[in-house]
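A short write-up of the structure that comes next.
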Amino acid sequence: MSKPPFCVDCTHRSRLLGSDMCNRPTGKLDLTTGKPRVLYRLCPIERAQSCTLAPYITCAVEGKFFEQNT
């Protein structure tokens with residue numbers, strides 16, 4: 001699996017212990033803190049093609065949640 005080219009320029013990408021992590025907001029609210037809930041997942045897993053066995057929503061190969069760094 002090759003690395004996606006535009007995760008590097010995404011605002012949700014961060015480096016953690018040498019790995020690229022996606023920390024995009026989920027659109028849900030954390031009821032204990034009142035802050036938006038954030039999803040932490042490895043970039044290659046987040047960019048993997050979604051399938052019927054994995055019902056969660058991912059960025060997938062088309063980069064649904066991509067936001068350009070400013």
Side-chain angles (χ1 to χ4, degrees):
M1 183 174 176
S2 63
K3 286 192 175 184
F6 56 82
C7 279
V8 175
D9 296 329
C10 184
T11 58
H12 304 303
R13 180 186 161 266
S14 63
R15 300 275 302 164
L16 180 66
L17 299 174
S19 298
D20 292 330
M21 297 291 289
C22 180
N23 56 357
R24 66 173 175 84
T26 60
K28 298 179 180 176
L29 206 60
D30 187 349
L31 297 177
T32 56
T33 62
K35 295 180 180 179
R37 195 176 277 177
V38 177
L39 175 76
Y40 294 97
R41 189 177 288 156
L42 289 170
C43 285
I45 294 172
E46 181 66 12
R47 291 297 310 283
Q49 184 69 282
S50 57
C51 64
T52 57
L53 298 176
Y56 49 83
I57 298 171
T58 63
C59 197
V61 291
E62 57 268 1
K64 295 177 194 171
F65 303 108
F66 174 76
E67 292 179 19
Q68 181 72 35
N69 270 339
T70 55

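All values derive from a computational prediction rather than experimental measurement. If you read the sequence from its start, that first residue is 1, and numbering goes on from there.
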Drop me the distance from [X]'s [atom1] to [Y]'s [atom2], to the nearest 0.5 angstrom.
X	Y	atom1	atom2	result
F66	T11	CZ	OG1	8.0 Å
Y40	S14	OH	OG	7.5 Å
N23	C10	CG	SG	8.5 Å

Original post:
Are side-chain heavy atoms of L42 and S19 found at a separation under 4.5 Å?
Top reply: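 Yes - at least one pair of side-chain heavy atoms lies under 4.5 Å apart.
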
Subject >> Side chain proximity check, C22 to R13, heavy atoms < 4.5 angstrom >> reply: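 No, their side chains stay 4.5 Å or more apart.
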
Original post:
Quick one: does R47's side chain have a donor or acceptor within less than 3.5 Å of a partner on A60's backbone?
Top reply: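 Yes; at least one donor-acceptor contact below 3.5 Å.
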
Subject >> Backbone of E46 reached by a side-chain donor or acceptor of R41 within 3.5 Å >> reply: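 Here the side-chain-to-backbone pair does not exist.
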
**OP:** State plainly whether the residues E67 and R24 are in salt-bridge range, i.e. N to O under 4.0 Å.
**Re:**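 Salt bridge absent between E67 and R24.
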
Just list the side-chain donor-acceptor pairs under 3.5 Å for residues 32-39, sequence neighbours left out, or say none.
residue	atom	partner	partner atom	Å
T32	OG1	D30	OD1	2.9
T33	OG1	K35	N	3.3

**OP:** Please report the closest heavy-atom contact between V8 and N69, naming both atoms and the distance.
**Re:**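 Shortest heavy-atom contact: O-ND2, 4.0 Å.
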
